[in-house]
Protein chains: 2
Amino acid sequence: MLNGKIIGRVLGILLILEGICMITVIPVSLHYAEGDLLPVSVSAIITLAVGVLMSQVFRDTDSTIGKREGYLIVTGSWLVFSLFGSFPFIIGNTIPSYTDAFFETMSGFTTTGASILTDIESMPHGLLYWRSMTQWLGGMGIIVLSLAILPVLKIGSMQLFSAEVPGPTPDKLHPKIRETAKRLWLIYLGFTLAEAVLLKLGGLSFFDSICHSFTTMATGGYSTKTASIGAFNTPYIQYVIIVFMVIAGTNFSLAYFGLHGRIKKIITNEEFLFYISFLLVFIAGVAAVLHFSHGHALEESFRNAAFQVVSIVTTTGYATADYCSWGPFLVLVIFILMFTGGSAGSTGGGIKMVRLLLLAKNSRMELRRLIHPNAVIPVRLNHKAVPQNILYNVLAFIVFYFLIAGVSAMVISAMGYDLSTSFSAVAASLGNIGPGLGEVGPTMNYAHFPAFGKWFLSFLMLLGRLELFTVLVLFTKWYYKN
Amino acid sequence: MLNGKIIGRVLGILLILEGICMITVIPVSLHYAEGDLLPVSVSAIITLAVGVLMSQVFRDTDSTIGKREGYLIVTGSWLVFSLFGSFPFIIGNTIPSYTDAFFETMSGFTTTGASILTDIESMPHGLLYWRSMTQWLGGMGIIVLSLAILPVLKIGSMQLFSAEVPGPTPDKLHPKIRETAKRLWLIYLGFTLAEAVLLKLGGLSFFDSICHSFTTMATGGYSTKTASIGAFNTPYIQYVIIVFMVIAGTNFSLAYFGLHGRIKKIITNEEFLFYISFLLVFIAGVAAVLHFSHGHALEESFRNAAFQVVSIVTTTGYATADYCSWGPFLVLVIFILMFTGGSAGSTGGGIKMVRLLLLAKNSRMELRRLIHPNAVIPVRLNHKAVPQNILYNVLAFIVFYFLIAGVSAMVISAMGYDLSTSFSAVAASLGNIGPGLGEVGPTMNYAHFPAFGKWFLSFLMLLGRLELFTVLVLFTKWYYKN
């Protein structure tokens, strides 16, 4: 039997946290006085009230959280956060359609950054602040999810490093999660503050600095400007954001090691080295094409290449340039980069670097096995042999990812979208990136999708954010059988 | 040490066979008297001479064929056949560019059907006959390769059925291959004759009947008309070709069982049932869209849907309609079907049905394992448990396939082609289909590619046709080390 009460209690407690976060929006609404004070306050009250009610009703319950409960709590949290998180937009009619408000909020909490807003500057500052905060909170959720919860459920990319971040045993789940979360959230907060200060020094307003550091560290990509980072056309700002996107796409436990002076842990981490090399190769390649083939200035080529490559690979989704105008070759490169992703244990989404690295290593081994079929040559990661079943899971994840992308692209194209738009909208949603190509390119938005399309893409964001299996398992008969 | 002499001897014998096949073109050239008699005769003489020379020079050699020799013989045969097979086109300047002649011949022997010809009707009949025959010979090669040779090398989709077609043990390779080949080639020949008779009865010329039955049974797709099968606008002809494309995409060993009255073997074969259901579902879906959404007549919708779906899935590549004009949804469906393929042990290319079936079964098991991680629930195919390492190989193959497709699409787009053209040209070459989308759509051809593009796509045809690993292994250092 599923322990429904404990699920209710956990979701209640999370709602209280969400309500408290909403309260922090009130000063912003007060300061700018743009009519969003009432919607924000009412939303906070409703959220808190429901949260308190739920946590009280299910107070004295058996507190065993098994695997089944775990799956439902994880998926449920994102759903419930998005449901209540959309209230500030819908109460007061700032976003008149509920579908749009839910899409925007789910896109926030999943750190996707796909938007239905056509004129972002016309939004009240309080709501823009809340919109950025949904991503920042989503990022916090992902850190604790990927580094503490999913390893217990034996899914997600961090299981590949089980030796690096000792996975909590089920009976010690609570203290371990709390401890891990506390440490990593401090780091997350620290980077966010650091970036905000650097952005402020670069001339951004206090408001823009906070909002953008929220959405950079979450690899979310929501901006307070319709033109995204292109609105701040100073190289300094763009370089700062590039650096922090790279950090946000790095495993947060490496930052923890770094702060403890264990630099060797970082520079010998194979996923980190692969991630950095991967970025450098693609930045160099794109910059070379922009400079030599398109005739852009050298520094500008490098900066735009670095910005877009890092933004797509880390699944942030900010834009400084319309890469759709970069010619067919670079458009295709960007499209392919949409199927990469940040590091495991970062806030980045997508397939993730460690899976691509293991894929490359495994492919090499497959070829070797053709000549030496009986040789036992394990694939190694950070000098440890990777068990065969883990490699198998990596391949299965990647195949699942493409299978879902293919079927979903058919669904989107049935609404009349062309091949590039359909595939890239799916890749950008499933990979939690945000912008895609064609009608969802960096200068466009998602407003034109029919309602079903928006709900469908919201579902893909959730699916991708929770590493597919967490959500998919809820649709199997085995989940409900004893 | 690689036994180079035996490789030379086998290739020499194969060249003699190719030369003999070229001689059979002479009567056609004589009959139509269109100036191709000399090129064909000279090519036949050169091919025979080189073949006899090679087989004599390497006469008294150690006849051990190990795995390494096997890989090189397989890849070498297709290369050597294409090299000599292009002579009839290049001698006499019918196809003036050697790149084009090689592309056309490799596209023939790999049963791809991608063409650089812009006006097929202007070609001499003798050369069109040879062009169709390259595909038919390629199909014969694939039957013996997939059902007899690759299982010994432990690659290819037929290893998944090792219990169905008892794999020859290495020491008994020769008699086994000969026996298997003889039986299956008779079936192949029988179907070819049957189709030719049915096409002749439908009003096609004797010449067109033979050429099209050659290229149908090979799932090749070369036509003697620029408009492909669209040139024969009678439903009867199209239905005949649909039926024989379906047969050509079926495992030939099932036809063998059928001829021996073992119908149960066929109707209980899971890959066959999956293949037929898969075709029916997509035919029904496409027909419904054509009829209800595009307003085409019912029978015409069904026929065009059946023709195009079967043509793409079996990797034949004939066209009766320009599917690029069917709107974004059907274009995307066709694109996705380019990543399917015929059955194992058929002449069809691509990823193949059995791999997709195992992928589906395995995905289901993966989800089940999330809830029951320790339950041992094997994936079954035809009531037999599929070993874990075979499933692993299936996933690795599919991932490799997409990896190669992604990287190759980048190469093609670097020549200035858009996303749809780049990806579909790669899918159509790697999957041995022929036509793709955009600038390589069914009403277009491959003439406009730069020389490098044509060589690159020729390589992809070879790679896909030989199930990736056979060719890739030659590029690894392990192949050359002892």
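Please read these numbers as outputs of a predicted model, since none were measured by experiment. Every chain is numbered from 1 and lettered A, B, ... according to where its sequence line falls, protein lines coming before strand lines.
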Reported CZ-to-NZ distance for the pair A:R368 and B:K477, which is rounded to 0.5 angstrom: 7.0 Å
Distance from B:I334 atom CD1 to A:L419 atom CG, nearest 0.5 Å? 12.0 Å
Quick one: are A:W478 and B:R364 in side-chain contact, heavy atoms under 4.5 Å? yes
Under a 4.5 Å cutoff for heavy-atom pairs, which residue among A:L332, A:L395, A:L437 has the most contacts with chain B? A:L332
Do B:K67 and A:I371 make a side-chain contact, defined as non-hydrogen atoms from C-beta onward lying under 4.5 Å apart? no
Check each atom of A:Y479 against the heavy atoms of chain B and say whether the ones under 4.5 Å are side chain, backbone, both or neither. both
Is there side-chain contact between B:N393 and A:E366, with heavy atoms separated by less than 4.5 Å? yes
Most chain B-contacting option - heavy-atom pairs closer than 4.5 Å, from A:I398, A:L359, A:L330: A:L359
Taking A:Y71 for its side chain and B:L370 for its backbone only, find out whether a donor-acceptor pair lies under 3.5 Å. yes
Is any side-chain heavy atom of B:I336 closer than 4.5 Å to a side-chain heavy atom of A:M410? yes
Can you tell me which of B:V399, B:T476, B:D418 forms the most heavy-atom pairs within a distance under 4.5 Å of chain A? B:V399
Applying a strict 4.5 Å limit to non-hydrogen atoms, the region of B:L403 in contact with chain A is side chain
When the 4.5 angstrom heavy-atom criterion is applied to B:N389 and chain A, the contacting part is neither
Can the ring centroids of A:F329 and B:Y417 be said to lie less than 6.0 angstrom from one another? no
Parallel, tilted or perpendicular: ring planes of A:Y392 versus B:Y392, cut at 30 and 60 degrees: parallel
Of the listed B:S363, B:S293, B:G416, B:G406, the one with the largest count of heavy-atom pairs under 4.5 Å with chain A is B:S363
Could you check whether A:F339 and B:F402 have their ring centres less than 6.0 Å apart? no
Considering all heavy atoms of both residues, which atom of B:V473 and which atom of A:L367 are nearest to each other, and what is their separation? CG2-O, 4.2 Å
